[in-house]
2 protein chains.
Amino acid sequence: MRIGEIAALAGVTTRAVRHYHQQGLLPEPERRANGYREYGLRHAVELARIRRLTELGLGLAEVKDVLADDAGRELVEVLEELDGDLARQEAAVRERRERLAALLEQARAGELPPEGPVSPDLARLFAALGPTDSAIAAKDREHLALFDSLGGPEGSGELVAALRPLADDPEFAGRVEELYGRLDELAEAAADDPRIAPLGDELVAAMPEAVLRLIAQEDAGQSLGGGFGEAFLADFPAAQAEVVRRMLAGLAERARRAGGGGRP
Amino acid sequence: MRIGEIAALAGVTTRAVRHYHQQGLLPEPERRANGYREYGLRHAVELARIRRLTELGLGLAEVKDVLADDAGRELVEVLEELDGDLARQEAAVRERRERLAALLEQARAGELPPEGPVSPDLARLFAALGPTDSAIAAKDREHLALFDSLGGPEGSGELVAALRPLADDPEFAGRVEELYGRLDELAEAAADDPRIAPLGDELVAAMPEAVLRLIAQEDAGQSLGGGFGEAFLADFPAAQAEVVRRMLAGLAERARRAGGGGRP
DNA sequence: TAGAAACGTTGACGCTGCGACAAGGTCAAG
DNA sequence: CTTGACCTTGTCGCAGCGTCAACGTTTCTA
């Protein structure tokens with residue numbers, strides 16, 4: 001047989017056969033006078049065996065090991081390890097598909113936020129807020145999306161979870177819109193604008209209980225991730241940054257009075 | 001933020017961040033005087049978005065596309081395609097695991113043949129045959145293993161299926177052992193040895209009905225895969241090859257008489 | 001009998017998503 | 001001053017082949 005025949009016989013490509021030669025999986029056969037490889041049945045047998053093993057998902061190196069020691073002992077080990085591997089893969093794929101399904105459902109409901117795929121909780125919050133043309137609202141949504149996925153897929157979804165009760169509040173959208181509007185007006189205001197203090201205080205008051213617990217846990221919001229806090233404030237113009245600063249301070253204060261604070 | 005901070009924040013490595021820069025997924029930020037990259041919150045937002053997308057299983061190129069057109073339309077398309085992809089992957093992995101489970105069961109029952117993983121049917125046949133020290137029996141097993149997996153995982157398991165009834169025959173092992181023994185004796189005999197004809201005929205008689213149907217289907221065994229028939233015979237010493245040839249001819253004859261043959 | 005189509009040969013690059021070096025420069029702390 | 005922990009660019013490596021390229025051989029066909 002020539003290489004094309006044996007390849008077709010085993011159901012692989014000629015390239016694969018040559019690759020197996022290069023990797024030392026399959027011995028090189030004799031050559032004809034013209035340089036063509038001449039395969040016999042033994043090669044077909046070995047090639048078929050290689051294919052059965054690779055089909056199971058073994059890597060070529062593992063196949064080589066298995067072929068090397070003629071006892072079946074090694075094979076069993078490899079197969080068991082492989083099964084564990086595949087089990088993990090299957091779980092991973094399934095989890096991805098579940099998240100995908102949730103996303104596609106959101107998308108078909110027209111609730112897919114422009115920030116890309118976010119957690120279901122956050123998606124509900126965004127949906128409750130509805131579309132907006134406020135610049136700062138868009139920015140805030142981005143911040144929330146960021147927070148939503150800090151440090152890994154399970155990391156720090158707590159804040160969003162804490163905010164979720166808001167999504168069920170019928171007055172929510174209206175109140176938020178008003179607050180965003182007032183924040184927008186401060187876009188180019190000075191850092192000592194008199195509207196800063198009251199707005200900050202109202203934001204503090206608007207936060208649900210659950211958020212306070214988080215703030216208290218995190219040592220008064222000090223540890224918002226290395227350098228993250230500064231970057232957060234730096235992302236706002238002066239007056240708005242002041243509002244945020246006052247809001248954070250107010251939350252910390254409120255948390256201290258309510259829960260008894262982190263470390264004395 | 002420096003690169004290490006933003007990377008930790010988003011839960012990726014610095015290498016990944018730089019890679020995203022190179023691939024144009026994430027814009028390069030400003031540099032400090034010393035050449036360090038200086039990241040702001042916007043970058044963190046974008047990086048987190050990239051990570052959410054890659055986590056779903058999107059390739060970097062797809063992520064780039066999704067980020068490029070700011071409408072969510074493309075995202076939905078990509079997600080749907082991805083879901084199909086993952087569905088196929090999941091099915092493939094599950095099928096492999098099922099076969100693996102069957103193999104491991106065989107292995108634990110001590111029935112794992114040295115020819116490597118074969119179909120359950122063939123494994124039963126081998127188990128029924130039991131261990132043997134006959135040289136030709138080992139060769140035959142290899143041939144069967146090869147046949148078992150011709151041209152793909154579902155291809156041509158028919159022959160083995162046709163032989164399966166033998167595995168349930170209580171006399172099977174003994175009869176086969178005797179026939180193998182007589183074949184072994186012909187290892188170095190001449191091509192005109194008088195023992196050839198009767199042995200060939202007995203082999204024909206020993207084949208189950210189902211095999212005949214296969215032979216008839218395949219145009220009297222002529223099309224045993226390009227060049228395969230020759231290689232098959234070439235794998236035996238002269239006298240044994242004669243036996244096989246006579247057996248094949250006898251089977252074709254028997255098939256013609258029984259079923260009315262392929263093409264007139 | 002010539003030419004095209006279908007084989008074969010070796011060699012080298014491409015793909016994915018980074019990890020892991022190398023060979024440095026920078027910066028804060030002890 | 002020296003560590004040690006950062007940062008910089010650049011390069012190779014990985015799995016399992018697919019896919020040219022550039023060329024020789026065989027075989028079918030007109």
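Quick note on labels: first sequence line is chain A, next is B, and so on, each numbered from 1.
Regarding contacts with the backbone of C/dC27, a side-chain N or O of B/Asn34 is found under 4.0 angstrom from either OP1 or OP2. At the phosphate of D/dT9, OP1 or OP2 sits under 4.0 Å from a side-chain N or O atom of B/Arg31. At C/dG17, none of the side-chain N or O atoms of B/Tyr20 fall inside 4.0 Å of OP1 or OP2 (strictly under the cut-off). Here B/Thr13 reaches the OP1 or OP2 of C/dG19: one of its side-chain N or O atoms lies under 4.0 Å away.
When each of B/Gln22 and A/Leu58 is assigned the nucleotide of DNA chain D bearing its nearest heavy atom, the one mapping closer to the 5' terminus is B/Gln22.
Nucleic acid contact for A/Arg18: base, since at least one base atom lies under 4.0 Å from a heavy atom of the residue. Among the atoms of the strands shown, none is found under 4.0 Å from any heavy atom of A/Arg32. Contact annotation for B/Thr54: no contact, since no heavy-atom pair falls under 4.0 Å across all strands.
The CG-P distance, from A/Leu26 to D/dC17, rounds to 13 Å in whole Å. Rounded to an integer number of Å, the gap from A/Ile3 CD1 to D/dG24 C1' is 16 Å. The distance from atom OH of A/Tyr39 to atom C1' of C/dT9 is 11 Å, rounded to the nearest whole Å. Residue A/Leu25 contributes atom CG, which lies 11 Å from atom C1' of D/dG16 at whole-angstrom precision. Computed from coordinates, the B/His21 NE2 to D/dC7 P distance equals 12 Å when rounded to whole Å. Residue A/Gln23 contributes atom CD, which lies 12 Å from atom C1' of D/dC14 at whole-angstrom precision. To the nearest angstrom, C1' of D/dT26 lies 19 Å from CE of A/Met1. One can place CZ of B/Arg15 at 15 Å from P of C/dT16, the figure rounded to the nearest angstrom.
Side-chain proximity of A/Leu60 to C/dG8, C/dT10, D/dG16: nearest is D/dG16. Comparing C/dC18, D/dT8, C/dT10 by their nearest atom to the side chain of B/His19 picks out C/dC18. The side chain of B/Ala16 lies closest to C/dC18 when the candidates are C/dC13, D/dT8, C/dC18. Closest to the side chain of A/Arg37, from the set C/dT10, C/dG8, D/dT11, is C/dT10.
Between A/Glu105 and A/Arg108 no salt bridge is recorded (no basic side-chain N to carboxylate O distance below 4.0 Å). By the 4.0 Å N-to-carboxylate-O rule, A/Asp121 lies too far from A/Arg124 to be salt-bridged with it.
Under the 6.0 Å cut-off for aromatic ring centres, A/His143 and A/Phe236 qualify, their centroids lying closer than that.
For A/Arg2 against C/dG8, no side-chain N or O and base N or O form a donor-acceptor pair under 3.5 Å. For C/dG25, its base sits under 3.5 Å from the side chain of B/Tyr36 at one donor and acceptor pair at least.
Cation-pi contact between B/Arg141 and B/Phe126: present, with separation from the ring centre below 6.0 Å and deviation from the ring axis of at most 45°. Figure legend: cation-pi geometry between A/Arg31 and A/Tyr36 absent, as NZ or CZ is not positioned both under 6.0 Å from the six-membered ring centre and within 45° of its axis.
Shortest non-hydrogen contact noted between B/Ala123 and B/Val118 is N-CG2, 3.8 Å.
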